[in-house]
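The figures here come from the full heavy-atom set of this structure, side chains too, leaving out hydrogens, waters and symmetry mates. Being a predicted model, the structure only gives us computed values, none of them experimental. A note on names: the letters A, B, ... follow the listed sequences, proteins ahead of strands, and every chain is numbered from 1.
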Number of protein chains: 2
Amino acid sequence: MSDATDSRQPRKLTMQDVARAAGVSPMTVSNCFRYPERVQEKTKSQVMKVAAELGYVPNLSAGLLAAGSSRVIGAVLPSMRNSSFYRYTVGLREAAAERGYAVITMIAETPAEELAAAQTLLGLRVAGLALIAGPHARELKRLVELSGTPVVEAWAGEDAIGRGVSYDVGGASSALTRHLIAQGRRRIGFVDVAGGGGMRYSMRLPAFRREMFAAGLADDLVMTVRAADGFGAGAQIIDDFLARDRRIDAVLCPTDVVAAGAIFECNRRGLSVPGGIAVAGWGDYDIGRQITPTLTTVAPFSDAIGRGAVSILLGDEAQRRGAPLLTAFNILPREST
Amino acid sequence: MSDATDSRQPRKLTMQDVARAAGVSPMTVSNCFRYPERVQEKTKSQVMKVAAELGYVPNLSAGLLAAGSSRVIGAVLPSMRNSSFYRYTVGLREAAAERGYAVITMIAETPAEELAAAQTLLGLRVAGLALIAGPHARELKRLVELSGTPVVEAWAGEDAIGRGVSYDVGGASSALTRHLIAQGRRRIGFVDVAGGGGMRYSMRLPAFRREMFAAGLADDLVMTVRAADGFGAGAQIIDDFLARDRRIDAVLCPTDVVAAGAIFECNRRGLSVPGGIAVAGWGDYDIGRQITPTLTTVAPFSDAIGRGAVSILLGDEAQRRGAPLLTAFNILPREST
DNA sequence: TCCTAGAATTGTAGCGCTACAATAAAATGT
DNA sequence: ACATTTTATTGTAGCGCTACAATTCTAGGA
C-alpha cells in the first residue's frame, strides 16, 4: 500500500486548472480535447495554448470512466524473443492510429501470464483485446467473453476466442510441401511444435501429409520441438533426422529461426544446403535473407493480420462473429531449396 | 465518436452486482480485492466465489482514479524488430510482478511516436514510465517532468530524462577493444551508429579511441550506420571497410545483428573469420551463439537494467535522483575473434 | 450480565472527466 | 427593432471505485 502512495502525483493538473488559466469553464476545456469542432477557433487556440504551457495531459482513466469507452486497444504477445510478431504489431499500430486509437502491449510467455495480462487489460477497460493463438489458460475464454469486450485471436481459425484472423496455414503448408516435391525432394522431414500454438502450427502437419500422400511419398519423418523461437531447435532436429534416416533430403521448419539453426548445423557438419538437404523455413524473418544460402520461406502478411484484427475489434457487432478473417501469404523460393 | 460508442460494454458488471449476489456491501467487495486482510475468511471466500462465477473484473481505471495511484508501469520500446530489449523487458516484468505491478508496453519507432506513447501512458496515469535512451522529441523531457510521474531512462547516463539506468558502456567498449588488441589485432574498424541512441552508442567510440591511442594504434577506421537492428548494415560495412583498407583485421560492431550480417558477408566473400578478420558484436543476442564462428560479444545484464528501472520507479523520491544506476556487463570471448 | 476493546462491515464524499441538458450569445429573417 | 434560429458555452449528475470515517458485531474480562 505504501508503494501505491508513493506513486501519487505531487502536482495534479486537471481541467479545472486549465479552465481557470484560460478564463473558460472546465466543460469548454473538455470540449476542446474531446469535441474540438464544438468550440470556436479563438477560444480553442487560447485553451490549447494554456494547456500546453501548463503541461496538461488529460486523464484517460477519468475520461474512459465518464465516457464509458476507451481509445486504447490491448494486445497480448507471447514472445518478443525474435521478430515473429514485429510486422503484426506494425499493422496493429498503424490501423489503430488511423482511427485515433493507441495500442498497449503486454508480453505473456505462459498461459498463466496471458490470463493475468488479459485481466489487467480488461481491468483497464480497453476498447478491444487482441490475442494470439496458442495454449490458453482454461478460464481465459470465459473471462473474456463474460467481459463483453471485443476480442480477436490472431493466427486462430474456427475455434478462436472471439473471431479468428489468420491466413490459410494449411494452404501454405501444402504449397511449401509441393514446392519441395517439385524440386525433386522425396524424403521430406516435417518439424512440428509441441504444446500447440493453435492454428499457427496445428494445420500444417495434416496438409503436409495430404500432399505427401497425393505424391505417393512417405510422410513418416516428423519431429517435434518444444518451442519454435530458438536456433537450438534447428540444430537438434538435424541431428535427430539424420539419426532417423540418412536419406532425408529436405526439412520443413516451423519458423525461420529454427530453419537458420538447422542450416548452421548443416554447415557445421559439412552438409551441403540445398545440395545434400534442402531447408525451408516459415515467417519471412530478416535473417532468412541474410544467411547463406538465403532461406526459402512462407511469408504471411502479418501486418495485414494486425490490420484485420483492428478492423474487427473496432467494427460493428456483426464483424466480431463469423468465419475467421483470412489474409494472404506468399511462398518465397530462395537458395536453400 | 461513433467508434467510441461501439466499444461500450454491453453488460457492465460492477462491485454493486457482486455485493448483491454475495449479500454484502460494495465496500466489502472492494476490501476483498484491495485489502483482503481486512475481511473475514468466510466472507471473503463467499465474495470471491461469486465474483469468479459472475466473471467480474475490477475496473482498474475507476480504482486508480479513486485511489489516486496505479499498479501499472508503462514502458516505451523503440523496437521489437529483434531481440535487443528482450531481456530488459523480462527484468521489468519480473521486478514489477514481485511488487504487485503490471507492465504495459508501447512500441515507438520515431521520436514523435515516442512522445505520443508517453502522452498515452501519462494519460493512463501509470505509476512510472520507463523510457529507453535515444533521440527524443524536444517536448518529451518537459512533458514528463511536469507530469510528476516517476521516470527512468534505460541505457542513459547523466543526461537522462529522470534517472539513468545503464552499465559502463565506455568500460565495455574499452574492454572489447583491449581484447581485440590482446588477440594481436592492429587495424581495427569501429562501427558507429548515426542519429544517436543516447549513451547506448555515444560512449563507445571515445573509449575505443582511448584504447587505440594507448596501444599506439591508429583509430581512423570508423564507419557509421543509420540503424543497428538490421543484418544488412553488417554486409555493407565489410564492403566499405575493405574499400578503405584491405589490411583491416578486426571489426567492432554495434550489435550482434550487425556483426552476424558482417560474418555472413565475409562468408560470401570467402574471407576467413577470425583468420582474415575478427568480428566482435554487442548485446549477446541468441544468434551470436548459433552462427559459425560463434560471436564474441558484450553481454550487458539487460534484465538487471530492467530490474533497476523498476526499483527506481517504485522506490522513494530520493532514488529518482542522482547519478545513473550502473549494472554489470561481461565480455564473452568466442570463436569470431 | 455488563462493559470495553478490537475486528469486521458499512457509509460518505469525491477522484477527473463527460453525456446530455440548459443557458447564453450570435446570426438571420421579417 | 424585434423575433426566431443557430451556435457556443456552461451546468448537472454520475461513471466505478476507494480513503477515511462511522457503525456494528464479537470476544474477553471484570
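Distance, B/Arg125 CZ to D/dC17 C1': 17 Å, rounded to whole Å. Between the C1' atom of C/dC17 and the CG atom of B/Leu124 lies a distance of 14 Å, rounded to the nearest Å. Note: CZ (B/Phe33) to C1' (D/dC17) measures 12 Å, nearest angstrom. Following rounding to the nearest Å, B/Asn59 (CG) and D/dC15 (C1') show an atom-to-atom distance of 9 Å. Straight-line distance from the CE atom of B/Met27 to the P atom of D/dA19: 8 Å, rounded to whole Å. Per the geometry, CG belonging to B/Leu64 stands 12 Å off P belonging to D/dC17, to the nearest Å. The nearest whole Å value for the distance from the CG atom in A/Leu65 to the C1' atom in D/dA13 is 13 Å.
Closest approach of A/Ala118 and A/Leu129 over heavy atoms only: CB-CD2, 4.3 Å. Counting all heavy atoms, side chain and backbone alike, B/Leu92 lies closest to B/Ala75 at CD1-CB, 3.8 Å.
Residue contacts shown for B/Pro26 are absent, as no nucleic acid heavy atom lies under 4.0 Å away.
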Checklist outcome for this item: The contact string for nucleotides 4-9 of chain D, one letter per nucleotide 5' to 3', using protein heavy atoms under 4.0 Å with B, S and - for base, sugar-phosphate only and none, comes out as ----SB

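A/Arg34 has a side-chain polar atom (N or O) that falls below the 4.0 Å cut-off from OP1 or OP2 of C/dA19. Regarding contacts with the backbone of D/dT18, a side-chain N or O of B/Ser30 is found under 4.0 angstrom from either OP1 or OP2. Distances shown here put every side-chain N or O of B/Tyr35 at or beyond 4.0 Å from the OP1 or OP2 atom of D/dT18. In this model, the phosphate group of C/dC17 is approached by a side-chain N or O of A/Tyr56 to a distance below 4.0 Å at OP1 or OP2.
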Item to check | Pair B/Val47-B/Val39, side chain to side chain contact (heavy atoms under 4.5 Å, CB included): steps then yes or no | outcome: CA-CA 10 Å; B/Val47 168; B/Val39 183; over 6 Å; no

Next on the checklist: If you apply the rule side chain to side chain contact (heavy atoms under 4.5 Å, CB included), what do you find for A/Ile104 with A/Leu124, and how did you get there?
Outcome noted: CA-CA 11 Å; A/Ile104 56 174; A/Leu124 289 172; 4.0 Å; yes

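Residues B/Glu114 and B/His136 are in side-chain contact: their nearest non-hydrogen atoms beyond the backbone lie under 4.5 Å apart. B/Thr120 places a side-chain heavy atom less than 4.5 Å from the side chain of A/Leu60.
In this structure a side-chain-to-backbone donor-acceptor pair under 3.5 Å is missing from A/Arg125 to A/Ser70. Within the 3.5 Å criterion, the main-chain N or O of A/Pro26 finds no donor-acceptor partner in the side chain of A/Ser30.
Across the helix from C/dT1-D/dA30 to C/dT30-D/dA1, the helix axis at one end is tilted relative to the axis at the other end by 40° (nearest 10 degrees, each axis from five pairs).
Within residues 14-22 of chain A, no residue places a heavy atom under 4.0 Å from DNA chain D.
Scanning for salt bridge (charged side-chain N to carboxylate O under 4.0 Å, His left out) contacts around B/Arg142 gives an empty result, with sequence neighbours left out. Residues passing the salt bridge (charged side-chain N to carboxylate O under 4.0 Å, His left out) test with B/Glu94 are B/Arg307, sequence neighbours excluded. Residues satisfying the ring pair (Phe, Tyr, Trp, His ring centres under 6.0 Å) criterion with A/Tyr56, sequence neighbours excluded, are A/Phe33.
To the nearest 0.5 Å, the span separating CG on B/Leu140 from CD1 on B/Ile161 amounts to 4.0 Å.
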